[in-house]
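Quantities reported herein were computed from a predicted structural model and do not represent experimental measurements. Hydrogens, waters and symmetry mates play no part in the numbers below; they use all other heavy atoms, side chains included. Throughout, residue positions are numbered sequentially from 1 according to the sequence presented.
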Amino acid sequence: MVKDNEIKAVVSPFAIREGEIKVFDGKDGYVSMNQIIHKINIGHINDLHFKILELVNEFEFMTSRQIMQLLEWKGVEVGSQDKLNNKLEQLVKSKILTRYYFSSEEGKGIYRIYCLEKMGKYLLNSRGVDSKWQPTDNTKPVPMIKKRLAGNQTIIAYLRKVKAFDSYVPKPAINAKMAGKVFKATGGSVKLTKNGKAIQFLFEVVRREDDWEKKLVDKMKLYQDFYGNFVPADSGFMSMPQLIFICEDEKHMAETFKTIVVNKVEIPQLKLYFSTDLRQNEETLAKTLVEFKKDPESNKYKLVDVEVKLLGI
């Protein structure tokens with residue numbers, strides 16, 4: 001598998017492309033549970049398949065590369081990306097998982113996205129694994145799926161490259177008390193621990209989808225509610241988590257910051273940090289965050305790289 005820092009992409013694979021659609025690439029037809037049970041009994045579906053299922057259930061949408069990286073991190077012996085792809089193909093043919101790809105005028109996307117099918121949920125439930133999957137989950141639009149994939153990549157980068165990494169939550173639920181709403185950070189959260197002290201990062205993935213500025217402003221109002229009324233143990237956080245925006249590219253970071261400032265939805269309780277999808281491919285994450293500081297002479301904001309030694313290897 002190609003290492004992250006050897007990837008030569010100049011545009012994130014999880015950026016929004018104009019006119020992009022999601023195309024079904026799974027299996028049509030009917031597969032009975034009896035057929036699946038037979039495959040399990042003769043060993044064609046084994047514990048490795050179930051470990052894959054558990055990951056897809058946890059993260060909702062995943063690429064095969066993301067599945068491979070997480071299995072390696074968990075110490076699961078897979079062998080190679082090709083061997084994993086064969087296992088995924090078996091799960092798709094058995095209608096335990098299903099598969100999609102993205103297509104636009106620029107052509108097909110370079111990767112496939114895997115998610116649960118009904119049989120997958122039944123199998124997990126039979127092993128005591130909770131699955132909240134429902135058929136409508138697979139109908140989610142392209143921007144929602146790409147946010148999930150970019151969030152996955154960020155979490156995986158932190159667990160693989162940050163020595164202080166402790167744990168992650170793919171879909172943390174945040175409580176906006178005054179609005180009476182529970183919302184989710186689109187990129188998940190990670191907990192870092194060093195010398196007995198813990199800090200948590202919340203990742204909000206922003207994409208250039210239709211009407212994205214308005215959607216960002218609406219989301220920021222919920223974050224303002226959460227941070228403005230925060231007390232320890234709110235939404236499972238013992239201290240105020242640091243919010244980090246994961247954007248499509250360097251220019252998009254500036255566009256996101258401008259949208260927040262112009263609409264006056266900053267969060268007074270903390271600094272806002274930004275990063276991009278491709279910055280997660282760096283060998284170390286110590287210099288992958290940026291902030292925008294106002295120049296006192298020109299009164300304009302400028303992008304400043306932030307070195308965070310805690311994010312080192």
K132 vs D130, salt bridge (charged side-chain N to carboxylate O under 4.0 Å, His left out): CA-CA, chis, key distance, verdict
CA-CA 7 Å; K132 294 182 173 61; D130 184 38; 2.8 Å; yes
More than 12 foreign heavy atoms under 6.0 Å from [atom1] of [X]: is that the case here?
X    : atom1 : value
K118 : NZ    : no
K287 : NZ    : no
M240 : CE    : yes
D210 : CG    : no
K215 : NZ    : yes
K22  : NZ    : yes
M33  : CE    : yes
K93  : NZ    : no

Under a 4.5 Å side-chain heavy-atom rule over Ile, Leu, Val, Met, Phe, Trp and Tyr, are [X] and [Y] clustered together?
X    : Y    : value
I145 : Y101 : no
L70  : L88  : yes
I113 : M68  : no
L311 : M253 : no
F201 : I156 : yes

Between [X] (side chain) and [Y] (backbone), is there a donor-acceptor pair under 3.5 Å?
X    : Y    : answer
E248 : I16  : yes
N263 : I260 : no
E291 : V304 : no
D211 : K214 : no
S32  : Q35  : yes
S189 : A185 : no

Ion pair [X]/[Y], N-O distance below 4.0 Å:
X    : Y    : answer
R160 : E72  : no
E204 : K219 : yes
E20  : K146 : yes
R279 : D305 : yes
K147 : E209 : yes
R148 : E60  : no
R17  : E105 : no

Salt bridge (Lys or Arg N to Asp or Glu O under 4.0 Å) against [X], all qualifying residues, sequence neighbours excluded:
X    : answer
R207 : D277
K221 : none
K264 : none

Centroid separation under 6.0 Å, is that true for the rings of Y223 and F230?
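Centroid separation for F230 and Y223: 6.0 Å or greater.
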Is the centre of the F59 ring less than 6.0 Å from the centre of the Y168 ring?
yes
Straight-line distance of [X] [atom1] to [Y] [atom2], nearest 0.5 Å:
X    : Y    : atom1 : atom2 : answer
I155 : S167 : CD1   : OG    : 10.5 Å
T98  : D25  : OG1   : CG    : 8.0 Å
K163 : L285 : NZ    : CG    : 15.0 Å

Could you walk me through whether R208 and E255 pass the salt bridge (charged side-chain N to carboxylate O under 4.0 Å, His left out) check?
CA-CA 10 Å; R208 289 187 182 101; E255 293 168 353; 3.0 Å; yes
Close side-chain approach of [X] to [Y], heavy-atom, < 4.5 Å:
X    : Y    : result
T63  : R112 : no
N281 : Q153 : yes
Y114 : V92  : yes
L216 : F245 : yes
W212 : T259 : yes

Can you name the residues that form a ring-ring contact (aromatic ring centres under 6.0 Å, His included) with F61, not counting sequence neighbours?
none
Restricting to ring-ring contact (aromatic ring centres under 6.0 Å, His included), what partner residues turn up for Y100, sequence neighbours left out?
F24
Stacked cation flag R127 on F50, 6.0 angstrom / 45 deg:
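Yes, R127 lies over the aromatic ring of F50.
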Measure from NZ or CZ of K258 to the centre of the six-membered ring of Y301 and say whether it is under 6.0 Å with the direction within 45° of the ring axis.
no
Between A164 and L310, what is the shortest heavy-atom contact and its length?
CB-CD1, 3.6 Å
Minimal non-hydrogen separation, I21 against V142, with atom names
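Closest heavy-atom pair between I21 and V142: C-CG2, 3.9 Å.
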Residues F14, Y111; criterion ring pair (Phe, Tyr, Trp, His ring centres under 6.0 Å); working and verdict:
CA-CA 10 Å; F14 310 130; Y111 56 89; 5.5 Å; yes
Please tell me whether [X] and [Y] have a donor and an acceptor in their side chains that are separated by less than 3.5 angstrom.
X    : Y    : answer
N229 : D225 : yes
N175 : S235 : no
N46  : H49  : yes
S94  : K39  : yes

Between F292 and F257, does a ring pair (Phe, Tyr, Trp, His ring centres under 6.0 Å) hold up when you go through it step by step?
CA-CA 8 Å; F292 290 87; F257 176 72; 4.5 Å; yes
Result block: side-chain N/O donor-acceptor pairs under 3.5 angstrom for residues 265-275, not counting sequence neighbours:
residue, atom, partner, partner atom, Å
S275, OG, Q280, NE2, 2.9
S275, OG, T288, O, 2.9

